[in-house]
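Heads up: the structure comes next, in structure tokens.
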Amino acid sequence: MSLLQDRVALVTGGSRGIGKAIARALAEQGAKVAICSRDTEAVRQAADEISPGGGRVLAFQADVAEKADVRALVQGIVSRWGQIHVLVNNAGINARIPIDAEDEARWIQILTVNVVGAYYVTREVLRYMPNHDGGRVINISSVLGRFGVPAYTAYCTAKHGIIGFTRALALEVAGRGITVNAICPGWVETDMAHLGMQETAAALGMSPEEFRKQALAMVPIQRILDPKEVADLAVYLASNASAGMTGQAINLCGGQIMS
Ligand code: NAP
């Protein structure tokens, strides 16, 4: 029997990167998985790739920062599969925004997508998450939810905020038998990490390759993580094996947090 046989899961931001790897890993363990992103074609392609022939992985176009999209997304899943056991709040954006940059709209957008989006999706999904049946909320924070990085106040605020959201919500839904935990990844090989390395390298006047070397020197295991490694932890948190854990923020960062 697979670990997640016939559980229903929603992974936001499942069209690429960490979200896609999590969706694939949950599906491999027998879950029925819905994924969403803002790009209809990209999310459809990801679903086809994970589950050729379709049926067990459903793709939805939805912006987590838009309440109407979130409502339609959750209704779409529930009308097909009845309930949602596992929610992975993964959708996120990042950008380097020095505090004196004239980029207020982008700063607020980072908070809106990463934090308000997680709130909208969680609130809606919890209406359809059964009580005392292994309900799980898994939030993707970051090591930038653990420490600060200059010029990343928006992202650090958002990712620290997700840990607070995780702790408070864990207490609020414990009586329903639902656990809520966060994963705090370090550098993971995705589009977001590449963009972050490019932006910071440019600001420091070095090449992305030089910056990558410098960044990985701060990681004891000396390598960038594969999205699959985050997905494996998400599978554990989605499964019965993690039933005793709630309100936790787990660092998955090759030891970076210690430096
Ligand atoms: P990514 O490669 O940029 O993928 C982000 C995913 O989120 C895409 O599917 C994207 O699709 C979707 N998305 C973005 N904004 C959205 C919105 N408003 N509504 C719905 N979907 C949205 O990023 P990633 O590296 O996989 O990151 C996934 C999560 O891990 C994020 O929360 C990120 O902060 C966190 N994280 C990443 C790293 C890292 O090093 N990569 C480290 C720590 C934490 P569309 O653009 O098509 O909407």
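Order of listing sets the numbers, starting from 1, for every ligand and every atom in it.
For the side chain to side chain donor-acceptor pair (under 3.5 Å) condition, the pairs that include at least one residue of residues 163-178, sequence neighbours left out, are Asn131-Arg176, Asn139-Thr166.
Listed by chain and number, Gly13, Gly14, Ser15, Arg16, Gly17, Ile18, Ser37, Arg38, Asp39, Ala62, Asp63, Val64, Asn90, Ala91, Gly92, Ile93, Val113, Ile140, Ser141, Ser142, Tyr155, Lys159, Pro185, Gly186, Trp187, Val188, Thr190, Asp191, Met192, Ala193 each place a non-hydrogen atom less than 4.0 angstrom from ligand 1.
A pairwise comparison of heavy atoms in Ile93 and Arg38 identifies CG2-NH2, 4.3 Å as the closest pair.
Atom CG of Asn240 has 12 or fewer heavy atoms from other residues, nucleotides or ligands within 6.0 Å. When the shell of 6.0 Å around CD of Gln5 is examined, it contains more than 12 heavy atoms from other residues, nucleotides or ligands.
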Steps toward salt bridge (Lys or Arg N to Asp or Glu O under 4.0 Å) verdict (Arg44, Glu49): CA-CA 9 Å; Arg44 196 189 56 72; Glu49 197 189 308; over 6 Å; no
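The main-chain N or O of Tyr152 is never found under 3.5 Å from a side-chain atom of Arg96 such that the two would form a donor-acceptor pair.
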